[in-house]
Number of protein chains: 2
Amino acid sequence: MDFTTSSRDVLAAGGAQLPPAPARTPSRAAPAPQCVGCGARQRCLPAGLSEHEARCLHAVTIGRRRVRKGQALYREGERFLFLYAVRFGTFKSTAMLNSGSDQVTGFHLPGDVMGFDATVSNRHPTTATALEDAEACALPYSQLTDACAEERSLRMQMLRLAGAELVRDQRLLALIAHTHSEQRVAAFLLSLSQRMRERGFSPSDFLLRMTRAEIGSYLGTTLETVSRSLSAFARRGFITVRRRQIHLADLDALRAEFETDLP
Amino acid sequence: MDFTTSSRDVLAAGGAQLPPAPARTPSRAAPAPQCVGCGARQRCLPAGLSEHEARCLHAVTIGRRRVRKGQALYREGERFLFLYAVRFGTFKSTAMLNSGSDQVTGFHLPGDVMGFDATVSNRHPTTATALEDAEACALPYSQLTDACAEERSLRMQMLRLAGAELVRDQRLLALIAHTHSEQRVAAFLLSLSQRMRERGFSPSDFLLRMTRAEIGSYLGTTLETVSRSLSAFARRGFITVRRRQIHLADLDALRAEFETDLP
DNA sequence: CGGGCCATTGAAGTATGTCAAAGTTTGTGG
DNA sequence: CCACAAACTTTGACATACTTCAATGGCCCG
């Protein structure tokens with residue numbers, strides 16, 4: 001990890017943590033057979049693997065699951081059989097609280113691999129819901145761990161992806177535990193911007209696929225506070241907001257906002 | 001995972017999530033050669049593996065590292081070479097914030113395996129410090145992933161341990177994001193109590209190895225609030241506190257406290 | 001085109017952070 | 001072994017960021 005920028009990537013997705021691809025294949029990951037032509041390939045499971053190394057994925061039968069907006073890819077409590085890699089679209093992960101309400105634990109963009117948290121109990125501890133029409137690859141966990149026997153680099157990639165999620169959660173924890181709400185919202189926007197950039201989208205203009213309430217739940221605050229923070233940023237000229245449409249007019253100002261007065 | 005009690009194990013350590021041992025060896029995990037005689041064995045890496053399965057750990061040279069109170073086992077930014085399994089003593093994990101102050105990201109008891117968060121970047125993103133004189137096993141990560149080639153169950157155990165930490169962080173996140181400070185402190189005490197029980201210590205009488213400030217940092221609040229919460233519990237007769245010595249007089253009342261008025 | 005969801009904004013109440021001071025324990029060095 | 005210093009904890013008073021409650025308006029989808 002590049003520690004000089006770590007403070008700016010507080011909420012970066014797991015994929016953002018991957019080291020650069022080996023020099024041999026500088027700008028694109030080696031294609032696993034089923035992955036050829038997938039737009040998310042370079043941020044997904046085969047990322048960073050050589051062609052030879054990715055060959056062991058031949059043995060894995062990868063299914064595709066189309067999910068409509070609002071529908072669940074898997075639900076809390078379901079048996080754990082697959083890891084899921086986002087092909088396109090956006091997902092949220094949620095966990096039910098005692099009270100019955102939902103806590104949002106993550107947002108997932110193309111290339112993200114979901115489901116590592118199910119390895120403990122063989123049940124999914126969260127529900128994954130599509131925030132727009134989306135598609136994911138279903139990776140049979142059993143076959144995947146079998147494939148790991150052959151290729152050391154795949155073994156390490158699996159643990160790396162799990163570790164990436166761990167780091168992401170730790171940073172979110174630090175953010176929520178130690179900053180004020182405006183800084184959290186700023187960090188959220190910066191993180192999303194960075195993830196959009198990494199996926200080839202505009203880092204300064206994008207559509208929020210989640211509601212203010214979902215952002216609030218994720219950041220440990222209320223929808224009103226999120227809305228007020230966005231309005232405050234807009235008033236100060238950092239951003240333009242119109243409903244879900246976000247334009248980041250001054251990324252540096254936003255970064256400064258996020259870095260100020262930490263305890 | 002047992003979902004009926006999940007709400008009570010909010011902060012449970014990774015080890016707490018392991019499924020029961022196979023019927024063949026009901027009450028003790030199969031010994032890896034170096035692990036024979038280790039008190040933490042049943043909650044550690046070889047937990048749940050059969051004797052045959054644990055044999056592949058032969059090839060792993062396990063070193064022991066003695067650490068005095070206040071000293072670091074590894075530091076943030078150091079190269080990632082080993083996972084560490086706690087033999088005895090208590091550790092805290094901390095990450096430096098922008099401001100230079102430390103955020104506590106976890107407490108680790110015997111049997112806990114630390115370091116999975118380093119798999120992403122090949123650097124430790126946190127510092128592990130002993131809260132009392134302690135000892136840990138250093139597991140060479142490279143050898144460990146090699147050993148995974150042979151044994152499927154070891155591969156799964158590795159991912160399971162990483163996933164356990166993930167679940168723990170997610171629950172802590174939900175706790176901090178969605179509860180008031182007294183509930184967090186109650187949950188912290190309950191979690192510690194549970195972890196003590198799992199390790200064969202008294203679940204109702206134990207010594208806190210961490211300061212109020214460290215608890216506060218971990219729970220996203222201040223040392224004063226932690227102190228006030230403990231005093232409040234004591235005043236209501238749920239617990240007795242004397243400095244670091246804790247006696248849980250009424251576990252059920254504490255659970256009720258923790259479960260009340262979630263949003 | 002209408003109903004429901006979503007977002008914005010205001011006003012008021014409150015939990016908790018902050019500042020401060022005193023007491024207690026632990027550790028250290030003479 | 002004692003004495004002093006440093007670190008930790010407790011408790012109080014005050015300030016404030018944020019939640020809560022409420023009302024309005026806009027947008028989208030059926």
Side-chain angles (χ1 to χ4, degrees), chain A residues 68-71 92 99 101-104 129 131-133 175-186 188-189 207-236 239-246 257 260-263, chain B residues 68-71 92 97 99 101-104 129 131-133 175-186 207-235 239-246 257 260-263:
Chain A
R68 306 224 138 238
K69 180 176 176 177
Q71 286 188 327
K92 68 170 178 182
S99 49
S101 61
D102 275 345
Q103 142 86 352
V104 176
T129 310
L131 295 177
E132 57 184 315
D133 291 358
L175 186 78
I176 293 184
H178 292 278
T179 66
H180 288 181
S181 57
E182 277 201 11
Q183 301 177 308
R184 297 183 206 174
V185 177
F188 175 76
L189 290 177
L207 205 60
L208 297 176
R209 297 298 177 168
M210 62 294 284
T211 67
R212 305 288 192 263
E214 285 162 343
I215 298 173
S217 173
Y218 181 62
L219 295 177
T221 182
T222 60
L223 67 101
E224 291 94 333
T225 300
V226 173
S227 179
R228 275 187 251 269
S229 297
L230 291 176
S231 299
F233 293 152
R235 213 174 306 119
R236 289 194 265 162
I239 69 174
T240 313
V241 198
R242 201 187 137 70
R243 209 72 181 168
R244 304 272 182 101
Q245 185 64 49
I246 298 284
E257 171 64 27
T260 47
D261 67 0
L262 294 184
Chain B
R68 305 222 142 239
K69 179 176 178 177
Q71 286 188 328
K92 67 169 176 181
L97 300 173
S99 50
S101 61
D102 276 343
Q103 143 86 354
V104 175
T129 309
L131 295 177
E132 59 185 314
D133 292 357
L175 186 77
I176 291 184
H178 293 277
T179 66
H180 288 181
S181 57
E182 277 200 10
Q183 300 177 308
R184 299 184 205 173
V185 177
L207 205 60
L208 297 176
R209 296 299 177 167
M210 61 293 286
T211 67
R212 305 287 193 264
E214 285 163 343
I215 298 173
S217 173
Y218 181 63
L219 296 177
T221 183
T222 60
L223 68 100
E224 291 95 333
T225 301
V226 173
S227 179
R228 274 188 249 270
S229 298
L230 291 176
S231 298
F233 293 153
R235 212 175 308 121
I239 68 174
T240 313
V241 198
R242 204 188 134 70
R243 209 75 180 163
R244 304 273 181 100
Q245 185 65 49
I246 298 284
E257 171 63 26
T260 47
D261 69 357
L262 294 184

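A, B, ... follow the sequence lines: proteins, then strands. Residue 1 opens every chain.
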Listed nucleotide nearest any side-chain atom of B:Thr211, set D:dA17, D:dC8, D:dC27: D:dC8
What nucleotide among C:dT9, C:dT18, C:dA7 has an atom nearest to a side-chain atom of A:Ser231? C:dT9
Kindly say whether, by distance alone, the side chain of B:Arg228 makes a donor-acceptor pair under 3.5 Å with the base of C:dT18? yes
B:Ile246 CD1 to D:dT10 C1', straight-line distance once rounded to whole Å: 14 Å
Of the listed D:dT9, D:dA22, D:dA13, the closest approach to the A:Glu224 side chain comes from D:dA22
If we ignore hydrogens and angles and just use 3.5 Å, is the side chain of B:Gln71 paired with the main-chain N or O of B:Arg68 as donor and acceptor? yes
Taken to the nearest whole Å, CG/A:Asp133 to C1'/D:dC29 is 14 Å
Interatomic distance, A:Arg243 CZ vs D:dG26 P [rounded to whole Å]: 10 Å
Would you mind checking if A:Lys69 and A:Asp133 are paired as a salt bridge, meaning a charged N to carboxylate O distance below 4.0 Å? no
Could you check whether A:Thr225 gets within reach of a base, just the sugar-phosphate, or nothing at all, counting any heavy atom under 4.0 Å? base
Side-chain N,O (B:Thr222) to OP1/OP2 (C:dT16) below 4.0 Å: no
Is there a side-chain polar atom (N or O) of A:Ser227 under 4.0 Å from OP1 or OP2 of C:dA7? no
When rounded to whole Å, the CZ to P distance for the pair A:Arg235 and C:dG10 reads 8 Å
Do A:Arg244 side-chain atoms and A:Leu207 backbone N/O form a donor-acceptor pair below 3.5 Å? no
Calculate the interatomic distance between B:Gln183 atom CD and C:dA15 atom C1'; express it in whole Å. 12 Å
Judged by atom type as modelled, is there a donor-acceptor pair below 3.5 Å linking the side chain of A:Ser227 to the main-chain atoms of A:Leu223? no
What integer distance in Å separates B:Gln245:CD from C:dT24:C1'? 16 Å
Measure CZ/B:Arg209 against P/C:dT26 and give the value in whole Å, please. 12 Å
Heavy atoms under 4.0 Å, any strand shown: does A:Leu230 hit a base, just sugar-phosphate, or nothing? nothing
Any side-chain N or O of A:Arg242 under 4.0 Å from OP1/OP2 of D:dG26? no
Closer than 4.0 Å, any side-chain N/O of B:Arg212 to the OP1 or OP2 of D:dA7? no
Heavy atoms from C-beta onward define the side chain here; which of D:dT11, C:dA15, C:dG10 lies closest to that of B:His180? C:dA15
Within the side chain of B:Gln183, is there an N or O that forms a donor-acceptor pair under 3.5 Å with the backbone of B:His180? yes
A:His178 NE2 to C:dT18 C1', straight-line distance once rounded to whole Å: 16 Å
